Amino acid sequence: MRLSRFFLPVLREDPREAEIVSHRLMLRAGMIRQETAGVFSWLPLGHRVLTKIMDIVREEQAAAGALEMLMPTIQPAELWRRSGRYDDYGKEMLRITDRRDNELLYGPTNEEMITAIIANDVQSYRDLPLNLFHIQWKFRDEIRPRFGVMRGREFLMKDGYSFDVSEEAGRAAYNRMFVAYLRTFAAMGLKAIPMRAETGPIGGNLSHEFLILADTGESAVYFDRAFLDKDAAALQVDYDDDEAVAAIVADYTAPYAATDDIHDPARFEKEVPQERRVEGRGIEVGHIFFFGDKYSKPMNCTVLGPDGREVTVQSGSYGIGVSRLAAAIIEASHDDAGIVWPQPVAPFDLGLINLRQGDAATDAACETLYEALRNAGLEVLYDDRADRAGEKFARMELIGLPWQVIVGPRGLKDGKAEVKNRASGATQEVSLNAVVARMLDACTEPPGRG
RNA sequence: CGGGGCGUAGCGCAGCCUGGCAGCGCAUCUGCUUUGGGAGCAGAGGGUCGCAGGUUCAAAUCCUGCCGCCCCGACCA
């Protein structure tokens, strides 16, 4: 993509309303614009990040056997009356009336809808297990939206739902999602720690939240340093092997980890040696629940078992805050100059900077590199604008692409370009004809090493 | 929902107290000179001063009502 043809409205100054760093950087980097309290438009750069996050979510969901579908944002109130949650949800639920005075709502989640679909169309134990997910916009009319997309009212969420004939099978489904979540966040270059969670208004009896560490996180977290040594990206898992999956879950739930609301200081001190105790802050980016029959019972979701008797389906639900992740990643990965994207979720792999737009030799070298890099399968943002060097550097650092390829007359004299790593700031002179290989190598390194 | 603050050009702000031509910086556009870390000079464009009513010869400024946004708290993925 040529910057001259891209829409990247960066801001030099901090917008006044932005308090936390991710909100500030997302506005400044031209990723989002606010429409009303807690509701945002995603501009091209931000949209590319969302897409990267969704791609990874989809890949890991598919690997774990989940099927993608798409349910609507608008739901009939009737569905929620059946589960009894229509009144429970209170003013947080955005209620809408259509022209015929039908009561509708903008969905805050989809348990009722998916359960109704399963109840309607699944009659036999032979049709189970099923695990269905979608990625869709949700709306919760928070009393006070804040922190940009971190706690907006409208948010993009992957929510998945499992349906099984027995509690044992349901727990196995829960475990598969647990492991899929470990892999998903690791694939994004994040260190996410699973923590046992209160089930809250959504209910159920088994639940974990996944938090990524960031100084600006909303929750205080207490955990065993052992988590920081685990590498979920390296997990090899056979999802068909319930016991192997359960072993991974056991491994990741054994060390102490808790958010402040359920933290037990006495247990923490007893179970974790002092030198391994870590207190920090975290941002919740995923939450999984095993419900048992909490929704399937009131929604009358049953199947006929092998013995011809009706059994109530066992269900679970599994959420990932897709739009929230975009902000959470920035909270966890930025510096004074701007965003520092982990490679897997970066809007482009690299930025190609033409330091002397209009100079025939520099333009030609950049054009050649631009084409070669793209032909190699890399996503390139080519800064072909006529701005000054300082402005180009500042802008590229602000938007945080993992690598910069810098081309100017100075280096071209020797047939070289400069390659710069955004995270470390390290630079390296590279012969023009070696740039593609160098970048290809750099951009396909596993996350965490770039 | 309680408490506080703010709405003036794309962004950041001044002007309001004490009513009298709507300003500044950055950004944008044109020209020239510059060109490896947010350039210089010269010129130009851009505003229902959040909305509605009122007071006044005259309202961004004073009064009333409303709306929106932000921050703190309770709440929450």
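Residue numbers start from 1 in every chain, and the chains themselves are labelled A, B, ... in the order their sequence lines are given, proteins ahead of strands. Keep in mind it's a predicted model, so treat the numbers as computed, not measured. Values below: all heavy atoms of this structure, side chains included; hydrogens, waters and symmetry mates excluded.
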From the candidates B:A77, B:C11, B:G36, the one with an atom nearest any side-chain atom of A:Pro15 is B:C11
Which one, B:C76, B:G36, B:C1, comes nearest to the side chain of A:Phe393? B:G36
Using Watson-Crick geometry (N1-N3 plus N6-O4 or O6-N4) or G-U wobble (N1-O2, O6-N3), each under 3.5 Å, B:G38 is paired with none
Counting side-chain heavy atoms from CB outward, which of B:G37, B:G25, B:C71 is closest to A:Lys420? B:G37
Looking at B:G23, which nucleotide sits across from it as a Watson-Crick or G-U wobble partner, both distances under 3.5 angstrom, or is there none? B:C13
Could A:Lys392 and A:Glu397 be called an ion pair, given the rule that one side-chain N must be under 4.0 Å from one carboxylate O? no
Just say parallel, tilted or perpendicular for the rings of A:Tyr295 and A:Phe291, cut-offs at 30° and 60°. perpendicular
Return a single string for nucleotides 42-52 of chain B, one symbol per nucleotide in 5' to 3' order, where B is base contact, S is sugar-phosphate-only contact and - is none, cutoff 4.0 angstrom on heavy atoms. -----------
Could you tell me how far B:G38 sits from B:G12 if I compare only their C1' atoms? Round to whole Å. 16 Å
Taking all non-hydrogen atoms of both residues, which atom of A:Arg176 and which atom of A:Val245 are closest, and how far apart? N-CG1, 3.7 Å
For B:G25 versus B:A42, give the span between their P atoms, rounded off to a whole number of Å. 12 Å
Nearest-nucleotide wise, let me know which of A:Leu11 and A:Asp387 is further upstream toward the 5' end of RNA chain B. A:Leu11
What is the distance, to the nearest angstrom, from the NZ atom on A:Lys416 to the C1' atom on B:G36? 17 Å
What pairs meet the salt bridge (charged side-chain N to carboxylate O under 4.0 Å, His left out) rule with one or both residues in residues 39-52 of chain A, with sequence neighbours excluded? A:Arg48-A:Glu379, A:Lys52-A:Glu379
State, to 0.1 Å, how close A:Pro9 and A:Arg33 come at their nearest heavy-atom pair, and which atoms those are. O-NH2, 2.7 Å
For the pair made of CZ in A:Arg28 and C1' in B:G10, what is the distance, rounded to whole Å? 15 Å
Name the closest nucleotide to the A:Thr36 side chain, picking from B:C76, B:A74, B:G68. B:G68
A:Glu68 and A:Arg58: salt bridge (Lys or Arg N to Asp or Glu O under 4.0 Å), yes or no, with the steps? CA-CA 8 Å; A:Glu68 184 165 10; A:Arg58 288 191 167 107; 2.8 Å; yes
Can you tell me how the ring of A:His23 sits relative to the ring of A:Phe40, calling it parallel under 30°, perpendicular over 60° and tilted otherwise? perpendicular
For B:G68, which nucleotide is its Watson-Crick or G-U wobble mate, given both distances must be under 3.5 Å? B:C6
Paired with B:U61 by Watson-Crick or G-U wobble geometry, both distances under 3.5 Å: which nucleotide is it? none
If the condition is side chain to side chain donor-acceptor pair (under 3.5 Å), which residues does A:Arg267 pass it with, not counting sequence neighbours? A:Glu271
If each of A:Ile20 and A:Gly286 is mapped to the nucleotide of RNA chain B with the nearest heavy atom, which maps nearer the 5' terminus, i.e. the 5' end? A:Ile20
Answer yes or no: side-chain N or O of A:Glu397 and base N or O of B:G37 forming a donor-acceptor pair under 3.5 Å. yes
In whole angstroms, the gap separating P of B:G36 from CG of A:Asp383 amounts to 15 Å
Atom P, compared across B:G19 and B:U61: separation rounded to whole Å: 12 Å
Is the base of B:C75 touched by the side chain of A:Arg151 through a donor-acceptor pair closer than 3.5 angstrom? yes
Does B:A27 have its OP1 or OP2 closer than 4.0 Å to a side-chain nitrogen or oxygen of A:Arg12? yes
Fit a plane to each ring of A:Tyr174 and A:His208, take the angle between them on a 0 to 90° scale, and name the class: parallel (under 30°), tilted (30 to 60°) or perpendicular (over 60°). tilted
Nearest-Å distance once atom P is located in both B:C17 and B:G10: 26 Å
What string of B, S and - do you get for nucleotides 2-8 of chain B, 5' to 3', if B is base contact, S is sugar-phosphate-only contact and - is no contact with any protein heavy atom under 4.0 Å? ----S--
Nucleotide opposite B:A44 in a Watson-Crick or G-U pair, distances under 3.5 Å: B:U28
Geometric class of the A:Tyr252/A:Phe227 ring pair [parallel <30°, tilted 30-60°, perpendicular >60°]: tilted
Could you check whether A:Ile406 gets within reach of a base, just the sugar-phosphate, or nothing at all, counting any heavy atom under 4.0 Å? base
Contact class for A:Gly152 vs. all strands (heavy atom < 4.0 Å): base, sugar-phosphate, or nothing? base
Between A:Trp137 and A:Trp42, what is the ring plane arrangement, given parallel below 30°, perpendicular above 60°, and tilted in between? tilted
For a quick test of reading the model: is some side-chain N or O of A:Gln34 closer than 4.0 Å to OP1 or OP2 of B:C70? yes
Minimum-distance nucleotide (side-chain atoms of A:Glu391 versus B:C71, B:G38, B:G68): B:G38
Separation of the P atoms in B:C75 and B:C13, to the nearest angstrom: 32 Å
Write down the distance between CD (A:Gln357) and P (B:G36), rounded to a whole number of angstrom. 15 Å
Rounding to an integer number of angstrom, what distance separates B:C29 and B:A9 when you compare their C1' atoms? 15 Å
How far, in whole Å, is B:A44 from B:C51 if one measures between their C1' atoms? 32 Å
Looking only at side-chain N and O atoms, does A:Arg356 come under 4.0 Å of OP1 or OP2 in B:U34? no
Scan every strand shown for a Watson-Crick or G-U wobble partner of B:U55, both distances under 3.5 Å, and answer none if you come up empty. none
Name every donor-acceptor pair, under 3.5 Å, that has one atom in a side chain of residues 209-218 of chain A and the other anywhere in the protein, sequence neighbours excluded.
from	atom 1	to	atom 2	distance (Å)
A:Thr216	OG1	A:Glu331	OE1	2.1
A:Glu218	OE1	A:Arg324	NH2	3.0
A:Glu218	OE2	A:Glu284	N	3.1

Does A:Glu59 have any salt bridge (charged side-chain N to carboxylate O under 4.0 Å, His left out) partners at least two apart in sequence or in another chain, and if so, which? none
Base, sugar-phosphate or nothing for A:Gly408? Non-hydrogen atoms, less than 4.0 Å. base
In whole angstrom, what separates A:Lys413's NZ from B:G36's C1'? 11 Å
A:Glu13 side-chain proximity, nearest of B:C11, B:G36, B:C75: B:C11
Within the structure shown, what part of the strands sits under 4.0 Å from A:Ala37 by heavy-atom distance: base, sugar-phosphate, or nothing? sugar-phosphate
Quickly work out the A:Phe147 CZ to B:C69 P distance and round it to whole Å. 17 Å
Check every atom of B:G36, B:C70, B:C1 against the side chain of A:Glu17 and return the nucleotide holding the closest atom. B:C70
Would you say B:U35 has OP1 or OP2 under 4.0 Å from some side-chain N or O of A:Arg388? no
Sort out the partner of B:A74 for me: Watson-Crick or G-U wobble, both distances under 3.5 Å, none otherwise. none
Rounded C1' spacing from B:A22 to B:U8 in Å: 8 Å
How many whole angstroms separate atom CZ of A:Arg324 from atom C1' of B:A77? 5 Å
Would you mind telling me which of A:Gln75, A:Glu154, A:Arg140, A:Lys138 makes a side chain to side chain donor-acceptor pair (under 3.5 Å) with A:Tyr106? A:Glu154
